[in-house]
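For reference, the structure discussed in these notes is given below.
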Amino acid sequence: MVSEVSSAAAGNWSRDVYNALKEQGVSVVGFVPDGGMKEIIELCLADKDMKTIALTNECEGPTLMAGCWLGGVKGCLILQSTGVGNIINAASMSEVCQFPFLALVSWRSSWAEGNRWQVPMGLRCQDYFKMAGFHAMQVNEPDDAGPSVAAAVEEAYNTLNGVGVFFSQRVMGVKRFLR
Amino acid sequence: MSDKHTLYTLDRRVIVKKLLDGQDEMPVITGLSSASYDSVAARSADHPLNFNLHGALGGAAMVGLGLAMAQPEKRVMVLMGDGDVLCGLGSLATLAISGAKNLSLAIFDNGIFGETGNQLTATSQCVELGDVAASCGTPIARTVDREDQVDDAIKDLLHGEGPVVINFKVSPKHPGHLAKTRDGVLMKLRFRKALLGHS
């Protein structure tokens, strides 16, 4: 069978990210998936101590996390760069109420993107975080994935602000499209 | 108008008052406008376990879900209008799959956007939110449009194994504005202090 394949970077960067979430006490994960985040999502889903839920839209992430924080729990949103466009109004809750907002973003169009539809939000997703006063962190090397996520959780939950970790396709792998 | 529910006669303030009576320990999340004023009318403007969204339309249900996931032993009550729910309609699906037994959503469906000039919402045409929630697989979900159905609905909202979604068809008459804070940081800090013992 011919299929569109993804070539991920070597190493256990997905497990490093999952371990960082665990060590930092993140126990609720909402996601709208991208292929590059598949293994992280699977690790979270398999963890009985984590509550991991598929969302219908990325805009459900900031509000879900706000509710978690009202109840004393740390949450995380996993999404694709296109989904950053969907969170803008909901994420204003973080600005207005000083709610922590932690996002792990698969940064499409960062490296050898094959789908033109990914480009607009891929190019703008970090600008939105900056416009909102949130911190946009980039992960361009697999070895940086775990430490970056650990640092992002600490920052989001200590500063009560938004922090996004944007994973380059150099780390996640590039989806090669049939043509 | 929906074929099944053409009555818009229930009094939302009376329902919320009954729902929250004697439930001072229960956290309440509300959406915009009338739902927030309903909570204020029932519990006072400075009740620490009220968290009222004054923006992020459609988001109150998910705030409630996050709280319910964080505090599985506590009943979490979410109050929203129909326009608010319609803006985050997908969240009825998310609630349904969440398995949050302690989460209840009371919708006050007056068929209009009451804060912005009484434009008709989709529920006044053919969209039935009780049916939408039920067809998502929500364990307890229905629309209530008669007085004699209200007490059972309140019992389900308070004690039913959730998620529970009850859509009340209420009068479109505006129940009035009440003074309250819109300071999100203040509401957040006093809510956490009351619930967790620290801010």
Side-chain angles (χ1 to χ4, degrees), chain A residues 25-33 44-45 47-79 83 86-102 132-133 157-162, chain B residues 27-29 31 48-74 76 78 84 87-100 102-103 136 181-199:
Chain A
V26 171
S27 60
V28 173
V29 175
F31 68 90
V32 178
C44 294
L45 282 168
D47 185 332
K48 297 286 177 264
D49 295 326
M50 285 180 124
K51 294 176 180 175
T52 305
I53 185 165
L55 306 176
T56 60
N57 186 293
E58 296 84 351
C59 72
E60 295 178 326
T63 41
L64 177 75
M65 250 176 278
C68 287
W69 188 242
L70 285 176
V73 159
K74 295 176 184 173
C76 173
L77 172 65
I78 294 177
L79 73 165
N86 290 341
I87 65 169
I88 293 175
N89 186 41
S92 66
M93 271 192 82
S94 173
E95 291 183 67
V96 173
C97 309
Q98 293 176 22
F99 277 116
F101 169 52
L102 173 67
Y157 285 94
N158 284 323
T159 65
L160 306 181
N161 195 17
Chain B
V28 174
I29 308 292
L49 289 176
N50 274 359
F51 190 93
N52 309 117
L53 280 70
H54 292 284
L57 189 69
M62 289 304 295
V63 176
L65 177 58
L67 178 57
M69 291 168 91
Q71 295 281 334
E73 305 304 320
K74 274 200 182 294
V76 173
V78 180
D84 207 349
C87 188
L89 196 61
S91 294
L92 291 180
T94 308
L95 261 53
I97 67 164
S98 71
N102 57 327
L103 179 62
C136 286
T181 186
R182 284 174 180 71
D183 186 328
V185 177
L186 171 68
M187 283 190 288
K188 178 193 70 171
L189 293 177
R190 75 186 181 189
F191 190 102
R192 278 173 54 92
K193 178 94 173 145
L195 190 71
L196 308 171
H198 60 85
S199 58

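As the structure is a prediction and not an experimental result, all values here were calculated from the model.
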Check: At a heavy-atom separation under 4.5 Å, does B:L189 approach chain A through its side chain, its backbone, both, or neither?
Finding: neither
Check: Non-hydrogen atoms of chain A under 4.5 Å away: do they reach the side chain of B:L196, the backbone, both or neither?
Finding: side chain
Checklist line | Check: B:L65 and A:I53 side chains under 4.5 Å, non-hydrogen atoms | finding: yes
Note to self: Using every non-hydrogen atom in the two residues, find where A:E60 and B:G90 come nearest and quote the distance to one decimal.
What the structure shows: OE2-C, 3.6 Å
Next item on the list: Determine yes or no for a side-chain-to-main-chain donor-acceptor pair under 3.5 angstrom, with B:Q71 supplying the side chain and A:G71 the backbone.
Entry: yes
Notebook entry, point to check: Looking only at heavy atoms, which two atoms of A:A90 and B:A56 are closest? And how far apart?
Noted result: CA-CB, 4.3 Å
Next item on the list: Return the option, out of A:V96, A:N89, A:L160, with the maximum number of heavy-atom pairs under 4.5 Å with chain B.
Entry: A:N89
Next item on the list: Answer with side chain, backbone, both or neither: which region of A:L70 has an atom nearer than 4.5 Å to a non-hydrogen atom of chain B?
Entry: both
Next item on the list: Only counting residues at least two apart or in another chain, list the ones meeting salt bridge (Lys or Arg N to Asp or Glu O under 4.0 Å) with B:D183.
Entry: none
Next item on the list: Evaluate the side-chain proximity of B:L53 to A:M93: yes if any heavy-atom separation is below 4.5 Å, no if none is.
Entry: yes
Check: How many angstroms lie between atom OG of B:S98 and atom CG of A:L64, to the nearest 0.5 angstrom?
Finding: 10.0 Å
Item checked: Contacting moiety of B:L89, where chain A heavy atoms sit under 4.5 Å -> neither
Item checked: Closest heavy-atom pair and its distance - A:W69, B:R192 -> O-NH1, 2.5 Å
Check: What distance separates B:R182 CZ from A:C97 SG, expressed to the nearest 0.5 Å?
Finding: 13.0 Å
Check: Which heavy atom of B:A93 sits nearest a heavy atom of A:T56, and at what distance?
Finding: CB-CG2, 3.9 Å
